[in-house]
Visitor: 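Got a structure for you, written out below as structure tokens; questions coming shortly.
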Amino acid sequence: MRHVVLSIALLLLVGLTAESRGQNTLNVPKNESQLEVKLGDGTAELSGAWKFHIGDDMAWAGRDFDDSSWGSIDLTPPAGSANPELGISGFIPGWTDAGYPDHSGYAWYRLRIDVQSSHGALAIKMPAQVDDAYQVYVNGELIGEFGKFTDRGVTAYSTLPEAFRLPRELRTGPMTIAIRMWMDSATPFSTPDAGGMHGPPVLGHAAVIGTLVQLDWDDIGHDIGSGFVELLILFLAWLIAISLLWMDRTEAAYLWLSLVCAVTMLSIGVVLIVNFSTWIPQVDRVLLTDVVLGPMRIGLWVLFWGYWFRVVRMDWIQRAVWTMVLLLMIGTVMLRPPLYGEKIPVHAAVYLSPALLAVKLGLAVLLCAITFWGISKQKTEGWLALSAVLLVAVALYQRELVILHVRTSFNVLGFNVHLGTISTIFSLFLITFMLLRRFLHTQRKREQWKAEIEQARQVQHVLIPEEIPTIRGLAIESDYRPAREVGGDFFQIIPIQSDGSVLIVVGDVTGKGLQAGMLVALIVGAIRTSVRYHTDPLTLMDSLNDQLCDRGGASATCLILRIAANGEVTLANAGHLPPYLNGVEMQMEGALPIGVIPGADFLVMQFTLAPADTLMLMSDGVAEAQDAHKELFGFGRIEEMLQRPISAATLASAAQAFGQEDDILVLRVHKEAQPQSVINAGAALVVT
Amino acid sequence: MEAGTKTIVDEVNGDSGKAVSVLRFSGDISSSSRDAVLGAYGKVAKDRPVLLDFSRVDYINSSGIALVIQLMMEANKSGQTICAFGLTPHFQKVFTMVGITKYARLYPDEQTAKATV
């Protein structure tokens, strides 16, 4: 604010002085090489013909060097474009348009002036547009430079407002201004009519020149100030995307949007930095924004929309996008400093530029295809996203729109705003809205899903009540540890009142979770129904097999035992792990699980449980528990543990602690030496 | 953490000189391996024996076993010979338990399997 007030005050001073004296800014050429400059309290634009020579020789900085044999370049601004009081002028073509079309590297400008100044220290303000770095000498003395001139070469930066004070003793009289200019070999290919100064320097009293420099900074602020707004909105969008990703890591679109925002922020940040400082050299800026971040930004947007529309073949899209991004990077780096014009011949642009445009448009075609696919699949949500996609496309292909004569720059409240900035801001508003909408929708679905799982779990609990019936002569204990809320293992203990026997059914359906749980419900229902008519294990197994085969797509391993009151056991097996009798696995031939083929043959074996015998039945979740190194709990550990009497819970706990992968079920049936229990007819099923 | 299943379909000659298709599985075989198991089998010629290579398979759960059984059933319907090799002793036992050995022979390695087809 202080600067603005100061600027206005000084400008008024300059303006009033100019009016009162009629002419305090005068630039009349005395002859071809000398300019007479009368300075009142203001400034003088050093326009007109400057001596010019390509090449480099430090002797050219000298005051008395004879430059009469040099050529000249006219730094007179186009008619009506100059404002000497503000120190600005219209664009003056550089040396490539003034007879030196192929020259890059060093060149010198020289001008002799005769200054008639009333008072005060003098300063010289350099033009706002310069290619690319320079040193300013007055009477052979270096008074300032822009860029870094070292023995290893010159480092150039994006042009910034610069002014240099003349030595204190130089206030009036003849002076020689020599400007040593250096231009990168690639600059002519990115800037039309490049080469040297594109406006005349301005000489004046230091205080006024200081104000003009402030005005130049204001100009820059108005020109790219909208970048700060874009940066802020990008940061907010990034914050939202990251927060949503933290809350829901299953939605890949959040991740890709956060990456898009991060890369765009970086790109805009670099542009802002180079326009306000010399932290990043011009070549590095070009490599960062044009070669790396620009192509990445396009690729990331395409991927974001791919994930947003949930395109099925994202692996293919990823490969296609990154291939095109890589091609864009390679092509762009070939057309930019330091390669272009040095390692890459100039005429290569004839085929490189169209090829690059084709690759860039290829990404646009991919984006269109993804959007078309998304709209056809997602209907309403797809159409909602269409406007955001279009805005993103406008932001990404702003340069190409210029070719179609679309206006891409607007003046809003004195600030220059680019179409790309407007598009990015509006697209981010839309996308953020869509992200939040999707997030809330997903959360609602998840809550609904959790409620359904809970209901299924409760249904399973009803099917497998948590009480074990007491069976005369048998001590039965169980331990069931589902891998998820709803388990896929099942067991039933059904006392047969007519003959005092008991039916024990153990099984494991294919899969885990809700689907497996539903299948368990089906099987348990089938067992309970069938048991009313048959109690023979093989007949029951055949019946279950038929019912599962009729259903299709469902299978389960199953073991059915009927233990008579006298200890005789009939066992039918369908692909289940055979029981362990007193710690030894019972040898049975293999058989297919139920539900695989109708009419399958299942194996039956008979044996007798003697007093104090123990049968251990379990699901494959015990043997297939896995530790962090993917080592299985295995049959060996089971046999080792069963060498001594252990409870069902001990074995189940050991497997679970090892690394539970699947549902774990262990059932222990012990034939008591002295019968103590009686059948509790009221209780039918058991689980713990 | 469950690793996905990758399947490479190879064509080799058995010791008898007969062309043999080899489905080389790697990773874990589970419910998400339908394409890797049944999809890959759908692509092999049905007029030659098929070897299933499990030597790079880390884990097969009950859903994976169900897929292998389904593959065996399909091969059995078309009268195709199926052999498996490279199974760990644990999974050899599991394959035997679920009756797969009634439809496919199990061998310790590829060489032995190739010698029999």
Side-chain angles (χ1 to χ4, degrees), chain A residues 315 483 488-489 507-513 515-516 519 552-559 573-578 585-598 600-603 619-621 623-639 659 661-663, chain B residues 1-7 25-39 54-79 82 84 87-106:
Chain A
D315 53 340
D489 287 358
D508 175 9
V509 304
T510 304
K512 293 191 283 279
Q515 190 186 8
L519 195 53
S555 63
T557 64
C558 188
L559 196 64
N573 192 358
H576 201 84
L577 178 63
E585 184 187 333
M586 300 187 75
Q587 294 305 310
M588 290 189 83
E589 252 190 81
L592 287 174
I594 53 174
V596 177
I597 49 171
D601 290 329
F602 301 108
L603 296 166
S619 63
D620 60 355
E624 290 174 10
Q626 275 190 94
D627 67 7
H629 307 292
K630 303 202 91 175
E631 189 187 341
L632 294 172
F633 190 78
F635 298 108
R637 283 191 179 84
I638 295 173
E639 282 165 19
E661 279 291 320
D662 202 350
D663 304 325
Chain B
M1 174 63 87
E2 193 177 279
T5 315
K6 284 185 182 163
T7 310
F25 302 115
S26 58
D28 293 348
I29 301 182
S30 63
S31 57
S32 59
S33 312
R34 176 167 286 273
D35 281 350
V37 176
L38 298 179
F54 291 97
S55 54
R56 281 186 290 274
V57 171
D58 301 318
Y59 180 66
I60 314 173
N61 69 7
S62 58
S63 302
I65 300 277
L67 289 173
V68 176
I69 292 174
Q70 211 172 324
L71 186 156
M72 303 285 182
M73 294 294 112
E74 284 183 29
N76 192 48
K77 272 184 210 163
S78 54
I82 294 267
L87 284 161
T88 61
H90 177 93
F91 284 110
Q92 278 187 37
K93 178 170 178 161
V94 173
F95 272 41
T96 307
M97 211 162 68
V98 296
I100 285 178
T101 43
K102 289 181 180 170
Y103 300 91
R105 285 167 290 168
L106 308 184

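To find a chain, count down the sequence lines: A is the first, B the second, and so on, and within it residues start at 1. Hydrogens, waters and symmetry mates play no part in the numbers below; they use all other heavy atoms, side chains included.
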Visitor: Within a reach of under 6.0 Å around CZ of R637(A), are more than 12 heavy atoms found that belong to other residues, nucleotides or ligands?
Guide: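 Atom CZ in R637(A) is packed in, count exceeds 12.
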
Visitor: Given heavy-atom pairs under 4.5 angstrom as the criterion, report whether the side chain, backbone, both or neither of L577(A) touches chain B.
Guide: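 L577(A) touches chain B through backbone and side-chain heavy atoms alike.
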
Visitor: What part of M97(B) is in contact with chain A, defined as an atom under 4.5 angstrom from a non-hydrogen atom: side chain, backbone, both or neither?
Guide: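 Contact with chain A: backbone and side chain both.
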
Visitor: Evaluate the side-chain proximity of S62(B) to T557(A): yes if any heavy-atom separation is below 4.5 Å, no if none is.
Guide: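 In short, these two side chains do not touch, never coming nearer than 4.5 Å.
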
Visitor: Taking every non-hydrogen pair under 4.5 Å, which of I100(B), T101(B), V98(B) racks up the most with chain A?
Guide: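 Among I100(B), T101(B), V98(B), the one with the most close pairs to chain A is V98(B).
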
Visitor: Please identify, among S555(A), A574(A), G590(A), the residue contributing the most non-hydrogen atom pairs under 4.5 Å to chain B.
Guide: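 Greatest number of close heavy-atom pairs with chain B: G590(A).
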
Visitor: Would you say CG of D601(A) has more than 12 non-hydrogen atoms from neighbouring residues, nucleotides or ligands within 6.0 angstrom?
Guide: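 Counting neighbours around CG of D601(A), 12 or fewer heavy atoms of other residues, nucleotides or ligands fall under 6.0 Å, so no.
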
Visitor: How many angstroms lie between atom CD of E624(A) and atom CG of N61(B), to the nearest 0.5 angstrom?
Guide: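 Those atoms lie 7.5 Å apart.
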
Visitor: Tell me, for Y103(B) versus chain A, whether the close heavy atoms (under 4.5 Å) come from the side chain, the backbone, both or neither.
Guide: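 Answer is side chain: those atoms of Y103(B) sit under 4.5 Å from chain A.
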
Visitor: Given heavy-atom pairs under 4.5 angstrom as the criterion, report whether the side chain, backbone, both or neither of A600(A) touches chain B.
Guide: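 The answer is neither part of A600(A).
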
Visitor: Heavy-atom distance under 4.5 Å to chain A: side chain of I65(B), backbone, both or neither?
Guide: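 No part of I65(B) comes within 4.5 Å of chain A.
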
Visitor: Compare every heavy atom of P593(A) with every heavy atom of I69(B), then report the nearest pair and how far apart it is.
Guide: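 Looking at all heavy atoms of both residues, the shortest contact is CD1-CD, 3.7 Å.
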
Visitor: Above 12 or not: heavy atoms from other molecules or residues under 6.0 Å from CD of E639(A)?
Guide: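 Yes, CD of E639(A) has more than 12 neighbouring heavy atoms, counting only those of other groups under 6.0 Å.
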
Visitor: Indicate yes or no for a side-chain donor-acceptor contact from K102(B) to the backbone of L592(A) under 3.5 Å, with no hydrogens or angles considered.
Guide: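 Such a contact is absent between K102(B) side chain and L592(A) backbone.
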
Visitor: To the nearest 0.5 Å, what is the distance between CD (Q626(A)) and CG (D28(B))?
Guide: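 Taking CD in Q626(A) and CG in D28(B), the distance rounds to 6.5 Å.
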
Visitor: Give, as side chain, backbone, both or neither, the part of Q587(A) having an atom under 4.5 angstrom from any heavy atom of chain B.
Guide: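 Q587(A) has no heavy atom closer than 4.5 Å to chain B.
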
Visitor: Only pairs of heavy atoms separated by less than 4.5 Å count here; which of G636(A), A591(A), A556(A), G634(A) has the most with chain B?
Guide: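 Of the options given, most contacts go to A591(A).
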
Visitor: Quick one: is the NZ or CZ of K630(A) closer than 6.0 Å to the six-membered ring centre of Y59(B), and within 45° of its axis?
Guide: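 No cation-pi geometry.
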
